[in-house]
Amino acid sequence: MKIAFACDHAGFILKQSIIDHLKERGCEVTDFGCYTPERVDYPILGEKAARAVSRGECDLGILVCGTGIGISLAANRVRGIRAAACAEPYAADMARRHNNLNVLAIGARVVGEGTAISIVDAFLDAEFEGGRHAKRLAMLDEIQP
Ligand code: RB5
(Lines give C-alpha, C1' and ligand atoms only; values in the text may rest on other atoms or scores of the structure.)
Protein backbone atom coordinates (compact mmCIF):
# COMPACT_ATOMS: atom_id res chain seq x y z
CA MET A 1 0.00 0.00 0.00
CA LYS A 2 1.26 3.48 -0.91
CA ILE A 3 0.90 6.15 1.77
CA ALA A 4 1.29 9.90 1.27
CA PHE A 5 2.68 11.41 4.49
CA ALA A 6 2.94 15.07 5.45
CA CYS A 7 3.28 17.06 8.66
CA ASP A 8 3.98 20.59 9.83
CA HIS A 9 6.51 21.60 12.49
CA ALA A 10 4.13 20.59 15.30
CA GLY A 11 3.80 17.14 13.76
CA PHE A 12 7.53 16.75 13.19
CA ILE A 13 7.98 15.13 16.63
CA LEU A 14 5.76 12.17 15.59
CA LYS A 15 6.86 11.98 11.99
CA GLN A 16 9.70 9.46 12.15
CA SER A 17 7.94 6.98 14.41
CA ILE A 18 4.87 6.98 12.17
CA ILE A 19 6.93 6.57 9.00
CA ASP A 20 9.03 3.81 10.61
CA HIS A 21 5.85 2.02 11.66
CA LEU A 22 4.33 2.33 8.19
CA LYS A 23 7.46 0.82 6.67
CA GLU A 24 7.43 -2.01 9.23
CA ARG A 25 3.89 -2.73 8.05
CA GLY A 26 5.19 -3.01 4.49
CA CYS A 27 3.80 0.32 3.27
CA GLU A 28 5.57 2.41 0.66
CA VAL A 29 5.74 5.96 2.04
CA THR A 30 6.00 9.15 0.00
CA ASP A 31 7.16 11.86 2.39
CA PHE A 32 5.95 15.33 1.38
CA GLY A 33 7.65 16.99 4.36
CA CYS A 34 8.26 18.94 6.38
CA TYR A 35 11.86 17.81 6.68
CA THR A 36 13.05 19.99 9.59
CA PRO A 37 11.37 21.30 12.76
CA GLU A 38 11.34 24.86 11.34
CA ARG A 39 7.95 26.59 11.43
CA VAL A 40 5.90 25.88 8.27
CA ASP A 41 2.31 26.45 7.13
CA TYR A 42 0.14 23.34 7.38
CA PRO A 43 -2.06 24.18 4.33
CA ILE A 44 0.94 23.70 2.01
CA LEU A 45 1.83 20.29 3.44
CA GLY A 46 -1.74 19.04 3.71
CA GLU A 47 -2.48 19.95 0.11
CA LYS A 48 0.64 18.23 -1.24
CA ALA A 49 -0.17 14.86 0.32
CA ALA A 50 -3.87 15.13 -0.48
CA ARG A 51 -3.16 15.83 -4.17
CA ALA A 52 -1.10 12.62 -4.37
CA VAL A 53 -4.10 10.67 -3.04
CA SER A 54 -6.52 12.55 -5.29
CA ARG A 55 -4.38 11.80 -8.37
CA GLY A 56 -4.21 8.10 -7.43
CA GLU A 57 -0.43 8.19 -6.90
CA CYS A 58 -0.98 7.10 -3.30
CA ASP A 59 -3.74 4.90 -1.84
CA LEU A 60 -4.19 6.79 1.43
CA GLY A 61 -2.78 9.81 3.22
CA ILE A 62 -1.59 10.34 6.80
CA LEU A 63 -1.10 13.89 8.07
CA VAL A 64 0.14 15.26 11.39
CA CYS A 65 -0.07 18.79 12.76
CA GLY A 66 -0.59 20.11 16.30
CA THR A 67 -4.25 19.16 16.54
CA GLY A 68 -4.78 17.33 13.25
CA ILE A 69 -7.46 19.86 12.46
CA GLY A 70 -5.75 22.50 10.33
CA ILE A 71 -3.99 20.00 8.10
CA SER A 72 -7.20 17.97 7.63
CA LEU A 73 -9.05 21.15 6.63
CA ALA A 74 -6.41 21.73 3.96
CA ALA A 75 -6.71 18.17 2.64
CA ASN A 76 -10.49 18.42 2.46
CA ARG A 77 -10.17 21.26 -0.07
CA VAL A 78 -8.82 18.75 -2.61
CA ARG A 79 -11.28 16.95 -4.88
CA GLY A 80 -12.10 13.41 -3.79
CA ILE A 81 -10.51 13.77 -0.38
CA ARG A 82 -12.29 12.76 2.80
CA ALA A 83 -10.00 13.75 5.66
CA ALA A 84 -10.61 13.89 9.40
CA ALA A 85 -8.63 14.24 12.59
CA CYS A 86 -8.91 11.16 14.82
CA ALA A 87 -7.79 11.19 18.45
CA GLU A 88 -8.40 7.52 19.21
CA PRO A 89 -8.47 4.22 17.30
CA TYR A 90 -12.25 3.69 17.34
CA ALA A 91 -12.89 6.86 15.33
CA ALA A 92 -10.17 5.91 12.83
CA ASP A 93 -11.64 2.42 12.39
CA MET A 94 -15.18 3.70 11.91
CA ALA A 95 -14.03 6.52 9.65
CA ARG A 96 -12.68 3.93 7.21
CA ARG A 97 -15.60 1.50 7.57
CA HIS A 98 -18.42 4.04 7.33
CA ASN A 99 -16.94 7.22 5.83
CA ASN A 100 -14.31 5.72 3.51
CA LEU A 101 -11.83 8.20 4.94
CA ASN A 102 -8.86 8.39 2.60
CA VAL A 103 -6.75 10.84 4.60
CA LEU A 104 -6.17 10.40 8.33
CA ALA A 105 -4.99 13.35 10.41
CA ILE A 106 -3.44 13.10 13.86
CA GLY A 107 -2.72 15.82 16.41
CA ALA A 108 0.80 15.51 17.80
CA ARG A 109 -0.17 17.84 20.65
CA VAL A 110 -3.26 15.75 21.37
CA VAL A 111 -2.03 12.16 21.47
CA GLY A 112 1.22 10.45 22.40
CA GLU A 113 3.26 8.19 20.16
CA GLY A 114 1.63 4.93 21.27
CA THR A 115 -1.89 6.18 20.68
CA ALA A 116 -0.85 7.69 17.33
CA ILE A 117 0.45 4.30 16.17
CA SER A 118 -2.76 2.59 17.34
CA ILE A 119 -4.79 5.16 15.38
CA VAL A 120 -2.70 4.50 12.26
CA ASP A 121 -3.20 0.74 12.64
CA ALA A 122 -6.95 1.08 13.12
CA PHE A 123 -7.14 3.23 9.99
CA LEU A 124 -5.09 0.86 7.85
CA ASP A 125 -6.67 -2.36 9.14
CA ALA A 126 -10.28 -1.33 8.46
CA GLU A 127 -12.09 -1.54 5.13
CA PHE A 128 -14.98 0.49 3.74
CA GLU A 129 -18.26 -1.41 4.15
CA GLY A 130 -20.09 0.21 1.22
CA GLY A 131 -23.87 -0.33 1.09
CA ARG A 132 -25.85 2.34 2.92
CA HIS A 133 -22.60 4.17 3.66
CA ALA A 134 -21.80 4.55 -0.04
CA LYS A 135 -25.18 6.19 -0.57
CA ARG A 136 -24.40 8.72 2.17
CA LEU A 137 -20.99 9.51 0.70
CA ALA A 138 -22.68 10.15 -2.66
CA MET A 139 -25.02 12.53 -0.83
CA LEU A 140 -21.99 14.36 0.56
CA ASP A 141 -20.61 14.75 -2.97
CA GLU A 142 -23.84 16.46 -3.99
CA ILE A 143 -23.50 19.19 -1.38
CA GLN A 144 -22.24 22.26 -3.24
CA PRO A 145 -20.18 24.97 -1.52
C1 RB5 B 1 0.89 25.15 14.60
O2 RB5 B 1 1.24 25.96 15.68
C3 RB5 B 1 -0.54 24.67 14.73
O4 RB5 B 1 -1.42 25.74 14.61
C5 RB5 B 1 -0.83 23.59 13.72
O6 RB5 B 1 0.06 22.56 13.84
C7 RB5 B 1 -2.20 22.95 13.81
O8 RB5 B 1 -2.47 22.51 15.11
C9 RB5 B 1 -3.32 23.70 13.23
O10 RB5 B 1 -4.46 23.20 13.16
Side-chain angles (χ1 to χ4, degrees), residues 1-8 10-35 40-145:
M1 181 177 287
K2 293 183 182 175
I3 305 290
F5 179 89
C7 66
D8 73 354
F12 192 74
I13 191 168
L14 272 184
K15 169 180 175 160
Q16 202 54 52
S17 31
I18 290 178
I19 288 179
D20 288 348
H21 184 69
L22 289 170
K23 289 182 176 170
E24 276 165 23
R25 283 186 59 115
C27 296
E28 188 181 315
V29 181
T30 305
D31 177 8
F32 289 93
C34 58
Y35 307 111
V40 286
D41 298 319
Y42 59 78
I44 296 169
L45 284 309
E47 181 188 356
K48 281 184 184 172
R51 293 244 178 249
V53 176
S54 178
R55 287 194 295 258
E57 295 162 9
C58 292
D59 302 301
L60 296 170
I62 297 181
L63 308 174
V64 189
C65 70
T67 58
I69 292 173
I71 205 159
S72 65
L73 292 176
N76 275 315
R77 298 298 178 103
V78 176
R79 186 176 298 278
I81 295 303
R82 292 173 299 280
C86 295
E88 35 73 35
Y90 176 76
D93 174 61
M94 295 303 287
R96 282 288 289 146
R97 289 166 53 186
H98 285 193
N99 312 117
N100 203 12
L101 203 76
N102 51 13
V103 174
L104 168 71
I106 295 175
R109 295 172 179 164
V110 178
V111 300
E113 181 183 338
T115 302
I117 297 299
S118 300
I119 293 168
V120 167
D121 282 340
F123 176 66
L124 296 181
D125 289 342
E127 284 183 17
F128 181 49
E129 293 175 4
R132 68 185 188 279
H133 306 297
K135 177 189 137 200
R136 291 167 185 159
L137 293 186
M139 291 169 73
L140 286 180
D141 287 339
E142 283 170 15
I143 298 174
Q144 299 298 321

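No hydrogens, no waters, no symmetry mates; every other heavy atom, side chains included, goes into these values. Residue indices begin at 1 and follow the sequence shown.
Taking a cutoff of 4.0 Å between a charged side-chain nitrogen and a carboxylate oxygen, D125 and R96 do not qualify as a salt bridge.
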Inset, instruction - Start with the C-alpha distance between C7 and C34, add both sets of side-chain angles, then the distance that settles side-chain contact (heavy atoms from CB on, under 4.5 Å), and finish with yes or no. - result: CA-CA 6 Å; C7 66; C34 58; 4.0 Å; yes

Inset, instruction - Decide yes or no on side-chain contact (heavy atoms from CB on, under 4.5 Å) for C86 and F123, but give the supporting numbers first. - result: CA-CA 9 Å; C86 295; F123 176 66; over 6 Å; no

Inset, instruction - Quick one: do L124 and C27 satisfy side-chain contact (heavy atoms from CB on, under 4.5 Å)? Show the steps, please. - result: CA-CA 10 Å; L124 296 181; C27 296; 4.2 Å; yes

Inset, instruction - Please lay out, stage by stage, how M94 and N99 fare under the test side-chain contact (heavy atoms from CB on, under 4.5 Å). - result: CA-CA 7 Å; M94 295 303 287; N99 312 117; 5.6 Å; no

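Few gaps surround CZ on R25; more than 12 heavy atoms of other groups in view lie less than 6.0 Å from it.
Of all heavy-atom pairs between I19 and F5, the closest is CD1-CD2, 3.9 Å. In this structure, V29 and K23 approach most closely via the heavy-atom pair CG2-CG, 4.1 Å. In terms of heavy atoms, F32 sits closest to A6 at CB-CB, 4.1 Å. The two atoms that bring V103 and A75 nearest to each other are CG1-CB, 4.2 Å, heavy atoms only.
The closest side-chain heavy-atom distance from I3 to T30 is not below 4.5 Å.
Between the D8 side chain and the G11 main chain, a donor and an acceptor come within less than 3.5 Å of each other. Checking side-chain atoms of S54 against main-chain N and O of A50 turns up no donor-acceptor pair under 3.5 Å. The backbone N or O of A116 lies less than 3.5 Å from no partner atom in the side chain of E113, so there is not a single donor-acceptor pair.
Atom CG of L101 is separated from atom CZ of R82 by 7.5 Å, given to the nearest 0.5 angstrom. Here the CG-CG distance, from N100 to L140, works out to 11.0 Å after rounding to the nearest 0.5 Å. L14 contributes atom CG, which lies 7.0 Å from atom CD1 of I106 (distance to the nearest 0.5 angstrom).
Of the listed residues (L63, I69, I71), just one forms a side-chain contact (heavy atoms from CB on, under 4.5 Å) with Y42, and that residue is I71.
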